[in-house]
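Chain identifiers are assigned alphabetically (A, B, ...) following the order of the sequence lines, protein sequences preceding nucleic acid strands; residue numbering begins at 1 within each chain.
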Amino acid sequence: MNAALKPTIPESTLDPEQLALLARLTSGLSPAALYWIAAYSAGQAARLQAPLPAAAPAAAAGERLSIVYGSQTGNARRVAEQLAARAEAAGLPVRLLRAGAYPVRELAQERHLVVVISSQGDGDPPDDAIGFFEFITGKRAPRLPQTKFAVLGLGDSSYPKYCAVSRVLDARLAELGATRFAELGEADVDFEQVSTRWAEHAVETAREALGASAAPAHAVAALHAVGAVPLARSHTREKPFPAAVLENQRIVSRGSERDVRHIELSLEGSGLRYEVGDALGVWPENSPRLVEQWLTELKLDGGAEIEHDGRRLPLSRWLGHERELTRLTRSLVVAQAEAGGHGELTRLLQPAHKEDFAALLASHQPIDLLRRFPARWEPAQLVATLRPMTPRLYSIASSPLLVGPDEVHLTVAVVEYTAHGSAHEGAASAFLAAAGDEARVPVFIEPNERFRLPADGSRDVIMIGPGTGVAPFRAFVQQRQATAASGRNWLFFGNRHFQHDFLYQLEWQQALASGALSRLELAFSRDASHKTYVQHRLREHGRELYGWLREGAHLYVCGDSAHMARDVHEALLDIAARHGGLSAEDAAGWLAELMQQGRYARDVY
Amino acid sequence: MSSFETLKQQSRYLRGGIAAGLADPVTGAISEDDGKLIKFHGTYQQDDRDLRDERRRQKLEPAYSFMVRARLAGGVMTPAQWLAFDAIASDYASSGLRITTRQTFQWHGVIKRNLKPTIAAIDAAMASTIAACGDINRNVVCNVNPVESAAHELAYGWAVRLSEHLKPKTRAYHEIWLDGEKLVGEEEHEPLYGPTYLPRKFKIGLAIPPLNDADVLAQDLGLIAIIERGELLGFNVAIGGGMGASHGDPATYPRLADVIGFVRPEQLLALAEAVISVQRDWGDRHERKHARLKYTIDTRGLDVFKAEVENRLGHALEPARAFRFEHNGDRYGWVQGHAGRWHLTLQVEAGRLLDRPGQAWLSGMRELARVHTGDIRLTCNQNLVIANVADADRAAIDAIVGRHGLDGYRRHSAIRQHAIACVALPTCGLAMAESERYLPTFLSKLEASLEGHGLLDAPILLRLSGCPNGCSRPYLGEIALVGRAPGRYDLRLGADFSGQRLNQLYRENVDEAAILAALDPLFARYAAGRGEGEGFGDFLLRDGVIAPPPRRIAATVTA
C-alpha cells in the first residue's frame with residue numbers, strides 16, 4: 001500500500017484478542033472485501049444507535065483528558081464513567097479506557113491523566129489492571145515530566161492495606177516526574193459521596209488547564225467513541241427492574257451446615273439483556289427484624305419522619321431501604337466513639353491499632369457495635385452518618401440462550417451466623433432467601449467484559465469455581481452447550497461435604513453424560529481427615545492442565561478472593577514451574593500474559 | 001436368558017465394573033449393573049427414600065448408601081467380634097446394628113467411600129460379607145436351641161461347614177475389598193457354581209426339633225437334625241421352601257419345603273452340593289420371578305427332582321425320620337444348658353440395636369460384650385442370646401441388661417415378644433409400605449384390642465412385611481401384614497405356631513382401621529372359644545374363619 005495514502009484512524013477500542021481476530025479476518029482480503037466489511041460494520045454500528053467514532057484530530061494526546069480505570073466489581077468503572085461524563089459536560093475532550101486496554105507506550109505522551117482504581121483484598125490491583133500497574137511501577141516506566149495526573153482510589157477500610165494500589169500509583173507517578181493536579185482521593189465502600197466531590201474538583205482543575213483548547217462539540221462524540229456501553233438501557237443501577245421470583249430453591253441438603261439458594265428471576269418486560277459472565281446487581285432490603293432491633297437498641301421511633309438530602313421518609317423506611325445496616329464502616333465507628341464517649345473505640349481508631357481495628361470491623365456488624373458501645377443518636381444524625389444502601393453483585397448462573405432471555409438464575413450463599421450472642425444475616429442473601437412468590441427483587445445487569453467465554457468455540461475452557469463460585473460456570477457450560485462449542489470444558493468444584501453441598505450435582509452428572517462437560521474434578525474439604533481444596537486437585541492434574549493451557553485453553557476462576565483465588569494462583573505458578581520448566585519469574589510472567597490476553601480471567605470477591 | 005444372566009456371565013466372576021464405580025467421585029452410587037453384582041459381595045445399594053424427592057428438588061442425587069450384611073453362619077460370634085461390629089456401626093453406619101431374620105447383622109447407611117473400609121473391618125473381625133446376598137447360597141441359619149445346647153454345638157458345627165463349603169471361590173472379593181493381588185492370566189474356577197452362579201438366591205437352614213426358630217420349611221434346603229440320646233444321627237432333608245411372591249401374579253407364591261428323606265452327617269455336604277447343582281442346571285434362567293428352587297420343583301415335579309438329586313449323589317436317600325416341632329419362636333430369659341452353663345435370650349424389637357431414650361441397647365450390649373466370656377448368638381426371630389454364662393456371672397449380666405432397658409422380655413405382651421418386621425422404608429428399595437418403623441405403633445393398637453379381650457398373654461405370631469418378598473417370613477405369621485402401598489396392607493391369617501402351615505389372605509389392600517376392625521371380633525371369638533394351648537391360627541381354622549389350606553403339611557412326619 002502507498003504510504004502516502006495511509007489514512008489516519010482513531011484509537012482502537014478493541015482489545016488485543018479482538019484485534020488479533022480482526023487481523024486474521026482481514027488478512028489477504030481484496031480492497032473491495034475490506035470496504036464491504038467497513039460498510040457492514042458501519043451498518044451494525046448504526047443499528048446499535050451508537051454515534052460514529054469521533055474524528056481523530058480533536059483527541060490529540062496533548063489536549064485531552066485520559067481517564068483510565070481499573071475495576072474489579074464495576075464500581076471504579078462506574079465512577080470513571082461518571083467522571084468522564086462530567087468532564088465531557090464541562091467541555092473537555094475525554095478518552096475513557098479500562099486499564100487492561102490502555103496502550104502503555106502512550107503513557108509518556110499523556111498531558112492530563114486520571115486514574116480511578118480499586119484495591120482488592122490484601123492490596124492487589126484488579127485483575128484487569130495488573131499489567132498497567134506493573135508497567136507504571138516497573139523499571140520500564142518512562143519519565144513523565146509533561147504529565148499532570150490525579151488518582152482516585154477505591155477500597156475497603158476494613159482491610160489493613162486500604163487503598164494500597166492507588167497510594168502506590170500516586171506516589172510512583174510523582175516519582176516519575178508527573179505533577180498532581182488533584183490530591184489523591186480515597187473512597188471507602190461507601191464511595192459515592194467521596195468520589196462525586198473528588199470528581200467535581202478534578203474536573204474543575206482539569207478544565208482550567210485544558211479549557212482553552214477544547215470545544216464541547218467534539219467532546220460529546222469523543223466520550224462515546226470509547227464508552228463501554230452505548231446502549232440506552234431501560235433499567236439501570238439507579239433505576240432497577242423489580243424482578244418476579246420464579247423459583248427460590250435450597251440446593252444443599254438438610255444436613256448442610258449452610259444454606260445455598262438457587263434463585264430464578266424473571267426479566268420479562270424489563271428490556272434487560274445479559275451475557276454469560278455478567279453479574280446481576282441486587283438492591284437488598286434490610287430485614288424488618290433487623291430494623292426493629294436498631295430502633296429498640298437506639299430507643300428511636302420508626303415512624304418519625306426524617307428529612308435528609310432533600311427527601312423526607314419515616315426512619316424505619318430510611319433504615320429498611322436506604323441505609324446499610326449490616327456493614328460496619330470506619331465513619332460509623334468514629335461517630336459512635338464520639339457520641340458515646342468510648343475511649344476504647346477512639347484508641348482503636350489510632351493508626352497504631354490498625355490490626356485491631358480491622359479485626360473489629362471484621363467481627364462486628366453495626367448492631368453489635370451499638371450494643372457493645374451504646375450511644376444516643378438523633379435520628380437525622382443517624383441517617384446522615386450511615387452509608388447509603390449499595391447493591392450486591394451476583395455472578396449470573398444461567399445462559400440466556402439456554403434458559404431464555406427473560407430468565408436469570410443466581411446461586412446465593414445465605415449468610416447467617418451467630419455472633420455476640422445473637423443471630424446475624426447478610427442483607428442481600430437474607431433478602432433473597434426470604435423472597436417468595438409475591439416478592440419483587442430490584443435488579444440490574446452489571447456487565448463483566450473481562451469474564452467472557454472465548455469467541456472461538458473450539459478453544460478449551462478450564463473453570464475453577466468452588467462453593468457458589470461455580471455460578472458463572474453453570475452459565476458457561478449452558479452457553480457452550482447452546483452454541484455447540486466444540487472445545488472441551490473442565491470444571492474444578494469444591495465445597496464442604498459431598499453428600500450435602502455438591503451444588504448442581506444432578507446437572508453436572510447430566511452434563512458429563514451428554515458431553516457438555518468433559519471433566520469434573522471435586523474437592524470436598526470436610527469429608528476426610530485432611531482438608532482437600534480445588535488447588536490440590538489442580539496440582540494433581542497439573543501436567544494435563546498445563547497441556548491444556550499450552551494448547552490455548554482459557555482459564556477462569558470465580559469465588560473467594562481472600563484465600564481461594566490466591567491459592568489457585570500459587571498452584572498455577574507451581575504447575576508452570578513443574579510441568580513447563582519455567583523459573584518462578586517466567587511462570588509469573590506467563591500467567592500475567594495469559595491474564596493480559598484474557599485467557600486467565602477472575603471473578604472474585 | 002435374562003439380562004442378569006448375561007451380566008453374571010460377563011462379570012469375570014463377580015468383578016464387573018465395581019472397582020471403578022467405587023472410585024467415581026461424582027456420584028455416591030454405582031452403575032445399575034454393578035449394583036446387581038455387588039450383592040454377591042454382601043451389600044446392596046439403597047437410598048433414603050424419605051429424602052428422594054426433597055433431594056431431587058435440591059438438584060442433588062438421591063442420598064445413596066449401602067446396606068452391608070455379614071456372613072455369620074448360625075449367627076454365632078465372640079464378644080470381641082461383637083465389639084468390632086459395634087465399632088463399625090458407629091464409624092461407618094447410620095442406624096446401629098440390625099439383626100436380620102437370617103441370623104446376621106446388617107449395617108445401613110454406609111456411604112460409598114466408606115464401603116471398602118467397612119468390609120475390610122468386617123474381614124479384620126474374622127468375619128466376611130461374601131455371598132451374604134446374591135444368586136448363591138447365603139448365610140446358613142441354624143437354631144440356637146439353648147436347652148439342647150450339646151446338640152446345638154453339633155448342628156452348629158455343620159452349619160459352619162456348609163457355609164464354608166458353599167462359599168464362592170472367586171478372588172474378586174479379595175481384589176476389590178481387601179487389596180488382594182489381581183489375578184493375571186490365571187483362569188478362575190467356580191467348581192460348584194460356574195460362571196453364572198445360581199439362577200436365584202439359595203437359602204439353607206438347620207433346625208433341631210422341637211424348636212423351629214429357623215423356620216426350616218421356609219428354606220430352599222431345610223435340614224432337620226435327628227438326635228437320639230445326645231447323638232446326631234443325621235438330618236431330614238426338606239427342599240423347595242420359599243417366601244417370596246409378587247402382588248397380582250398368581251405364578252408366584254410362598255411355598256413350604258417338602259421333606260424328601262434323610263442323610264447321615266458325612267453325606268450332608270454332598271447332598272447340599274447335589275441339590276444346588278440340580279437347581280443350578282434346571283432352574284429358570286429366563287424369568288427371575290420364577291427362578292427359585294420351589295418353582296423348579298413344582299415345574300419338574302418333586303419326584304423327578306429328588307430322583308435327579310439321588311442320581312447325582314449316586315445313592316438313594318434314606319426315608320425321613322420322625323420329628324416333631326412345637327414352635328418357631330424364641331424362649332426368652334435364662335435357661336440352663338449342658339455343662340452347667342446358662343443362656344439368656346433377649347428380645348430386640350425388629351432386631352434394631354440402637355440407643356434411644358430409655359433403651360440404650362447398643363451401649364448396653366457394648367458394656368455386656370466387654371465382660372462376657374461366652375459367645376453371643378443372633379436368632380432368626382431378630383433376637384439375641386447371651387450364651388455360655390457361668391452361674392456366678394448371671395447377676396452381673398442381669399444388672400447390665402436391666403440398666404440399659406434390654407429386659408423388655410420380662411414386661412412385654414406376648415404378641416410383642418412374637419413379632420417380626422423387615423426393614424422396609426426408608427432404605428429398602430422394594431418396600432411398598434412401612435414395616436419396622438410401623439411395628440411399635442401397630443403393636444400398641446393391637447395390644448389395646450387384645451387387652452380388651454384378656455389376651456395380652458396369648459402368644460400370637462405377628463409378622464410385618466413392607467412388600468410381598470418375604471424377608472420377615474410373613475406367610476408363616478398367625479397374623480401377617482404384607483405391604484401394598486403406603487398405609488395399606490394385605491391382612492393374612494391362619495398360619496400355625498410352629499412354621500408348618502402357611503397363612504391365607506383375609507383382607508386385601510386395607511388400611512389400619514380396617515385391619516383393626518377385622519381383628520377385634522376375631523380376638524373376641526378366640527378369647528371365648530380357644531382350647532387349651534390352642535394357637536390363634538389353629539383356632540381360626542377350627543372355627544371356620546379360615547378355610548383349610550389347599551396343601552397340607554403334616555405336623556409330624558412319621559417314617
Between A:His500, A:Arg250, A:Glu247, which residue shows the highest count of heavy-atom pairs closer than 4.5 Å to chain B? A:Arg250
Can you establish whether the number of heavy atoms outside B:Glu181 located under 6.0 Å from its atom CD is more than 12? no
For atom CG of A:Asp437, decide whether the heavy atoms of other residues, nucleotides or ligands shown that lie under 6.0 angstrom number more than 12. no
Heavy atoms of A:Ser253 and B:Gln58 approach each other most closely as CA-OE1, 3.5 Å
Could you pull out the closest heavy-atom pair between A:Gln499 and B:Arg55, with the gap in Å? O-NH1, 3.0 Å
Look up atom CG in B:Leu60 and atom CZ in A:Arg254, then write down how far apart they are to the nearest 0.5 Å. 12.0 Å
What do you reckon, is CZ of A:Arg488 surrounded by more than 12 foreign heavy atoms closer than 6.0 Å? yes
Closest non-hydrogen contact found for A:Phe498 with B:Val26 is CE1-O, 3.8 Å
Counting only heavy atoms not in B:Arg57, do more than 12 sit closer than 6.0 Å to its CZ atom? yes
More than 12 heavy atoms from other groups under 6.0 Å of CD on B:Gln359: yes
Counting only heavy atoms not in B:Met126 (residues, nucleotides, ligands), do more than 12 fall under 6.0 Å from its CE? no
Which atoms of A:Val260 come close to chain B, meaning under 4.5 Å heavy atom to heavy atom: side chain ones, backbone ones, both, or neither? neither
Enter the distance from B:Ile111:CD1 to A:Asp527:CG here, rounded to the nearest 0.5 Å. 6.5 Å
Residue pair A:Gln505, B:Lys59: steps toward the side-chain contact (heavy atoms from CB on, under 4.5 Å) verdict: CA-CA 6 Å; A:Gln505 180 186 26; B:Lys59 305 180 192 290; over 6 Å; no
